[in-house]
Amino acid sequence: MALMPERVKYRKMHRGSRAGLAYAGNTVVFGRYGLQALERCWLDTKQIEAARVAINRFMKRHGKMWIRVFPQKSFTKKPLETRMGKGKGPLESWVAVIRPANVLFEVDGVPEATAREAMRLAATKLPLATKFITRRPQG
């Protein structure tokens with residue numbers, strides 16, 4: 001089951017801007033450990049799902065995981081060997097716009113070594129550089 005919005009007002013979207021840093025969603029909020037993006041990209045539904053499966057497989061149903069990104073932007077693609085013109089292509093997939101400092105995944109309820117390895121395995125499935133972060137103590 002691919003991640004995608006249930007309903008959208010308009011099916012086909014503009015490309016939009018990927019500039020700037022993530023000022024929201026850039027700290028670990030739910031768990032104790034997180035995986036933070038260091039580059040900007042469009043994360044596809046398949047890439048998010050592959051990383052989620054990698055984390056779950058390694059943690060063996062211990063602890064809890066949160067996915068902090070959601071693919072709510074559609075992108076279109078024209079068929080191969082199609083001439084220019086004739087309008088925008090059909091919907092290809094859904095993507096999440098990732099900016100540097102975005103927290104992608106969070107985990108809790110496992111030792112730090114386990115969380116670190118699970119995040120490393122997830123990072124290999126993603127097309128961008130990431131870093132392992134921990135929650136800052138309050139105070």
Side-chain angles (χ1 to χ4, degrees):
M1 184 202 92
L3 287 170
M4 62 185 280
E6 281 186 20
R7 300 177 62 225
V8 287
K9 191 164 184 181
Y10 298 108
R11 219 161 31 95
K12 297 179 180 179
M13 299 183 184
H14 291 193
R15 290 181 63 84
S17 167
R18 293 196 275 188
L21 299 173
Y23 291 110
N26 58 4
T27 55
V28 178
V29 178
F30 301 102
R32 270 181 64 182
Y33 310 107
L35 190 67
Q36 189 175 48
L38 298 177
E39 297 174 348
R40 62 188 80 252
C41 77
W42 279 356
L43 264 191
D44 197 356
T45 56
K46 293 183 190 118
Q47 293 161 340
I48 296 171
E49 179 65 11
R52 183 194 70 80
V53 167
I55 292 171
N56 277 345
R57 284 231 173 102
F58 187 77
M59 293 201 325
K60 296 191 176 87
R61 292 175 46 200
H62 294 290
K64 185 161 170 56
M65 180 190 62
W66 291 265
I67 303 172
R68 294 284 308 275
V69 291
F70 185 79
Q72 53 194 5
K73 180 183 191 62
S74 63
F75 82 96
T76 61
K77 195 171 184 182
K78 300 274 285 252
L80 286 173
E81 299 177 15
T82 303
R83 293 185 177 187
M84 294 287 104
K86 304 269 188 284
K88 201 168 164 75
L91 201 104
E92 178 77 9
S93 179
W94 294 86
V95 293
V97 179
I98 306 299
R99 294 186 171 90
N102 260 129
V103 174
L104 308 174
F105 297 94
E106 291 184 21
V107 294
D108 200 356
V110 290
E112 184 176 342
T114 305
R116 198 174 280 276
E117 180 62 15
M119 294 300 188
R120 186 192 68 78
L121 291 169
T124 62
K125 307 289 184 189
L126 301 174
L128 72 163
T130 57
K131 91 176 170 185
F132 181 82
I133 56 172
T134 56
R135 187 179 209 156
R136 294 215 167 83
Q138 271 74 29

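Numbers here simply count residues along the sequence, with the first being 1. When reading the values below, keep in mind they use all heavy atoms of this one structure, side chains included, and skip hydrogens, waters and symmetry mates.
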* Asked: Quick one: does S74's side chain have a donor or acceptor within less than 3.5 Å of a partner on W94's backbone?
  -> no
* Asked: Are side-chain heavy atoms of K125 and Q47 found at a separation under 4.5 Å?
  -> no
* Working for side-chain contact (heavy atoms from CB on, under 4.5 Å), residues I133 and V103 -> CA-CA 9 Å; I133 56 172; V103 174; 3.9 Å; yes
* **Side chain K73, main chain W42, donor-acceptor under 3.5 Å** => no
* Under a 4.5 Å cut-off applied to non-hydrogen side-chain atoms, are T130 and Q36 in contact? -> no
* Hey, is the main chain of G87 close enough, under 3.5 Å, to the side chain of K78 for a donor-acceptor pair? -> yes
* Asked: With side chains defined as the heavy atoms from C-beta onward, is the minimum distance between N26 and N102 less than 4.5 Å?
  -> no
* With distance as the sole test, does E106 use its side chain to make a donor-acceptor pair with the main-chain N or O of V29 at under 3.5 Å? -> yes
* To do: Please check if the side chain of R32 supplies one atom and the backbone of P111 the other of a donor-acceptor pair under 3.5 Å.
  => no
* To do: Tell me, with the steps shown, if M13 and F75 meet side-chain contact (heavy atoms from CB on, under 4.5 Å).
  => CA-CA 7 Å; M13 299 183 184; F75 82 96; over 6 Å; no
* To do: Determine, step by step, whether W66 and D108 satisfy the side-chain contact (heavy atoms from CB on, under 4.5 Å) criterion, reporting the C-alpha distance in whole Å, the side-chain angles of both residues, the deciding distance to 0.1 Å, and the verdict.
  => CA-CA 9 Å; W66 291 265; D108 200 356; 3.7 Å; yes
* **Whether R135 side chain and G31 backbone form a donor-acceptor pair below 3.5 Å** => yes
* Asked: Taking E39 for the side chain and L128 for the main chain, is one N or O donor matched with an acceptor at less than 3.5 Å?
  -> no
* Evaluation steps, side-chain contact (heavy atoms from CB on, under 4.5 Å), between K64 and F30 -> CA-CA 10 Å; K64 185 161 170 56; F30 301 102; over 6 Å; no
* **Within-4.5 Å side-chain heavy-atom neighbours: R40 and I98** => no
* If the plane angle is over 60° it's perpendicular, under 30° parallel, otherwise tilted; pick one for F132 and Y33. => parallel
* **A19 backbone acceptor or donor facing S17 side chain under 3.5 Å** => yes
* To do: Would you indicate whether K88, at its atom NZ, is surrounded by more than 12 heavy atoms from other residues, nucleotides or ligands within a distance under 6.0 Å?
  => yes
* May I ask you to test the L38-P100 pair for a side-chain heavy-atom distance under 4.5 Å? => no
